[in-house]
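Report on the structure given below.
As the structure is a computational prediction, the values presented were derived from the model and not from experiment. This chain uses plain numbering: 1 for the first residue, then up along the sequence.
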Amino acid sequence: MELAYIPSPSSGVLYLGPVPLRGYAFCIIIGVFVAVWLGNKRWIARGGRAGTVADIAVWAVPFGLVGGRLYHVITDYQLYFSEGRDWVDAFKIWEGGLGIWGAIALGALGAWIGCRRRGIPLPAYADAIAPGIAIAQAIGRWGNWFNQELYGRATDLPWAVEITSSADGRMPGTYHPTFLYESLWCIGVALLVIWADRRFTLGHGRAFALYVAGYCAGRFWIEYMRVDEAHHILGLRLNNWTAVLVFLLAVLYMVLSARKRPGREAVVEPGAGDGEGPAADAGQTDGDAAGKDASAEDATTEDATDTDDAGKPGKSEKPDESEGPAEPEESKDGAGSAKKA
């Protein structure tokens with residue numbers, strides 16, 4: 001007898017009149033907004049402009065969604081192209097099925113396009129958004145709860161998730177909530193990246209690589225607990241092998257990058273802090289222009305009284321007889337030197 005468990009929603013869809021509101025889609029959307037918000041704060045802290053993260057996300061997010069869906073459909077093709085299946089279901093992304101590996105791969109391509117258009121180094125951008133991506137994954141995993149999917153082996157633990165649906169071969173019962181395990185792990189990875197970034201001043205893509213390595217470490221043992229249908233190689237699920245390979249690549253990148261390019265980028269966005277670009281233009285006010293006009297006459301006067309680098313009087317230098325006798329040459333030279341210093 002189960003004394004406690006996490007109940008699953010009876011339906012993953014709510015209807016606002018004829019409009020369906022799907023829990024899975026809401027989790028993805030909320031995750032994206034949180035990732036952009038946190039990434040923007042980190043980007044500004046690194047010296048970038050506000051709004052740049054969102055502008056590049058316009059490229060990265062659609063690419064990521066397409067990549068995530070492609071990976072899922074390719075690695076689980078039997079769910080859409082085997083006998084008795086309808087291939088049109090491959091396009092029904094709202095029913096669940098996004099592979100994080102494909103989402104990161106194509107999402108990175110989209111981010112690279114956006115960064116290239118703005119002259120921004122992709123590694124710096126990746127470092128800024130890394131914790132936000134982990135938190136977005138933590139939120140997005142709750143979409144699997146709405147769809148009653150991606151659970152683990154049967155258990156009677158108090159935090160087991162109750163599965164009530166019998167569709168697609170599901171067996172009603174209580175199971176390990178692997179979606180919850182991964183959600184909590186992703187939050188831990190986000191906190192780890194934020195701490196390590198501050199402690200070790202990570203740069204040149206190493207914060208992002210740490211996120212990838214941390215996620216893969218957790219994904220390996222969580223994937224090992226899952227019981228949904230998947231391809232196996234040498235006794236392990238395909239995603240287990242993917243997690244191992246990507247983990248090793250991420251660690252290798254961190255080691256080589258630290259040796260080749262230690263420290264952090266001095267400039268992450270050209271023109272963000274040197275008076276160029278829209279941010280700087282917006283900072284110029286009418287008062288600034290008035291101040292320049294007001295100082296024009298003083299500048300002209302200084303040009304007329306200052307001496308040149310050789311100590312010779314300027315072309316327009318002429319003593320003002322109305323203000324009294326002219327100062328001796330030594331006095332004027334000394335004043336000019338004081339101004340130039």
**Request:** State, yes or no, whether a side-chain contact exists between Trp43 and Tyr125 at a heavy-atom distance under 4.5 Å.
**Result:** yes
**Asked** Same cluster for Trp159 and Met225 if Ile/Leu/Val/Met/Phe/Trp/Tyr side chains link at under 4.5 Å?
**Response** yes
**Heavy-atom side-chain proximity of Glu162 to Tyr5 below 4.5 angstrom** = yes
**Prompt:** Could you give the distance from CG (Leu70) to CG (Leu106), rounded to the nearest 0.5 Å?
**Reply:** 6.5 Å
**Any Asp86 side-chain heavy atom under 4.5 Å of Phe81 side chain** = no
**Asked** Taking the inter-plane angle between the rings of Trp145 and Trp142 on a 0 to 90° scale, is it parallel (under 30°), tilted (30 to 60°) or perpendicular (over 60°)?
**Response** perpendicular
**Asked** Counting heavy atoms not belonging to Phe26, are there more than 12 under 6.0 Å from its CZ?
**Response** no
**Test side-chain contact (heavy atoms from CB on, under 4.5 Å) applied to Val161 and Phe179, step by step** = CA-CA 10 Å; Val161 62; Phe179 74 90; 4.0 Å; yes
**Request:** Using a strict 4.0 Å threshold on nitrogen-to-oxygen distance, state whether Arg237 and Asp228 make a salt bridge.
**Result:** yes
**Request:** Take His204 and Tyr253 through the ring pair (Phe, Tyr, Trp, His ring centres under 6.0 Å) test and state the conclusion after the steps.
**Result:** CA-CA 10 Å; His204 301 286; Tyr253 177 86; 9.5 Å; no
**side-chain contact (heavy atoms from CB on, under 4.5 Å) assessment of Leu234 paired with Trp241** = CA-CA 10 Å; Leu234 299 177; Trp241 290 108; 4.0 Å; yes
**Message:** For the backbone of Cys27 and the side chain of Arg141, can you confirm whether one donor and one acceptor N or O come within less than 3.5 Å of each other?
**Reply:** no
**Message:** I need the minimum non-hydrogen distance between Gly31 and Ala136, along with the two atoms involved.
**Reply:** O-CB, 3.2 Å
**Item:** Aromatic ring proximity Tyr77/His231, centre distance under 6.0 Å
**Value:** yes
**Asked** Which atoms form the tightest heavy-atom contact between Gly152 and Val227, and what is the distance?
**Response** O-CG2, 3.4 Å
**Prompt:** Passes side-chain hydrogen bond (donor to acceptor under 3.5 Å, both in side chains), Asn239 versus Tyr71? Steps please.
**Reply:** CA-CA 11 Å; Asn239 282 332; Tyr71 181 89; 2.9 Å; yes
**Asked** Backbone N or O of Ala103 within a donor-acceptor pair of the Arg69 side chain at under 3.5 Å?
**Response** no
**side-chain hydrogen bond (donor to acceptor under 3.5 Å, both in side chains) assessment of Tyr151 paired with His176** = CA-CA 6 Å; Tyr151 47 86; His176 278 284; over 6 Å; no
**Asked** For Met254 and Leu210, what are the C-alpha separation, side-chain angles and deciding distance, and is it a side-chain contact (heavy atoms from CB on, under 4.5 Å)?
**Response** CA-CA 8 Å; Met254 283 192 288; Leu210 177 61; 4.0 Å; yes
**Asked** Got a donor-acceptor contact below 3.5 angstrom from the Thr178 side chain to the Leu150 backbone?
**Response** yes
**Asked** For Ile163, does its backbone N or O pair with a side-chain atom of Gln148 as donor and acceptor, under 3.5 Å?
**Response** no
**Message:** Taking the side chain as everything from C-beta on, heavy atoms only, tell me whether Ile6 gets closer than 4.5 Å to Leu180.
**Reply:** yes
**Prompt:** So, for Ala190 and Pro131, which heavy atoms are closest and what is the spacing to 0.1 Å?
**Reply:** CB-O, 3.6 Å
**Prompt:** Is the number of heavy atoms from other residues, nucleotides or ligands under 6.0 Å of Tyr181 OH greater than 12?
**Reply:** yes
**Request:** Without swapping roles, check the side chain of Glu269 against the backbone of Arg49 for a donor-acceptor pair under 3.5 Å.
**Result:** yes
**Prompt:** Does Arg42 come within less than 4.0 Å of Asp127, counting only side-chain N to carboxylate O?
**Reply:** no
**Fill in**
Residues Gly51 and Asn40: closest non-hydrogen pair is N-OD1, 3.0 Å
**Fill in**
Closest heavy-atom pair, Ile44 versus Ala50, reported as atoms and distance to 0.1 Å, is CD1-CB, 3.6 Å
**Message:** Would you say that more than 12 heavy atoms from the other residues, nucleotides or ligands in this model lie under 6.0 Å from the CZ of Phe200, or not?
**Reply:** yes
**Message:** Within the structure provided, determine whether Leu98 and Ile28 are in side-chain contact (heavy-atom separation under 4.5 Å).
**Reply:** yes
**Prompt:** Just by distance, do the side chain of Thr201 and the backbone of Gly263 share a donor-acceptor pair under 3.5 Å?
**Reply:** no
**Prompt:** With distance as the sole criterion, is a donor-acceptor pair present between the side chains of Tyr215 and Glu182 under 3.5 Å?
**Reply:** yes
**Asked** Okay, side chain of Asn147, backbone of Glu149: is any donor-acceptor separation there less than 3.5 Å?
**Response** no
**Smallest separation among heavy atoms of Cys186 and Ala134, with atom names** = CB-O, 3.3 Å
**Message:** Checking the side chain of Arg116 only, and the main-chain atoms of Ile113 only, is there a donor and an acceptor separated by less than 3.5 Å?
**Reply:** no
**Prompt:** Does CH2 belonging to Trp87 count more than 12 external heavy atoms closer than 6.0 Å?
**Reply:** no
**Request:** Mind running side-chain contact (heavy atoms from CB on, under 4.5 Å) on Arg219 and Trp101 for me, showing each step along the way?
**Result:** CA-CA 11 Å; Arg219 180 62 183 266; Trp101 319 109; 3.9 Å; yes
**Request:** Considering only NZ, NE, NH1 and NH2 on the basic side and carboxylate oxygens on the acidic side, decide whether Asp197 and Arg46 come within less than 4.0 Å.
**Result:** yes
**Request:** Mark yes or no for whether Trp59, through its side chain, and Ala108, through its backbone, hold a donor-acceptor pair below 3.5 Å.
**Result:** no
**Short side-chain to backbone donor-acceptor contact, Arg264 and Leu202, under 3.5 Å** = yes
**Prompt:** Quick one: do the Tyr211 and Gln137 side chains pair a donor with an acceptor below 3.5 Å?
**Reply:** yes
**Prompt:** Can you find a pair of side-chain heavy atoms, one from Asp76 and one from His72, that are under 4.5 Å apart?
**Reply:** yes
**Asked** Does any non-hydrogen side-chain atom of Cys216 lie less than 4.5 Å from one of Val244?
**Response** no
**Request:** For residues Gln78 and Glu229, determine if any side-chain heavy atom of one lies less than 4.5 Å from a side-chain heavy atom of the other.
**Result:** yes
**Message:** Nearest 0.5 angstrom please: Leu192 CG to Ile187 CD1, how far?
**Reply:** 13.5 Å
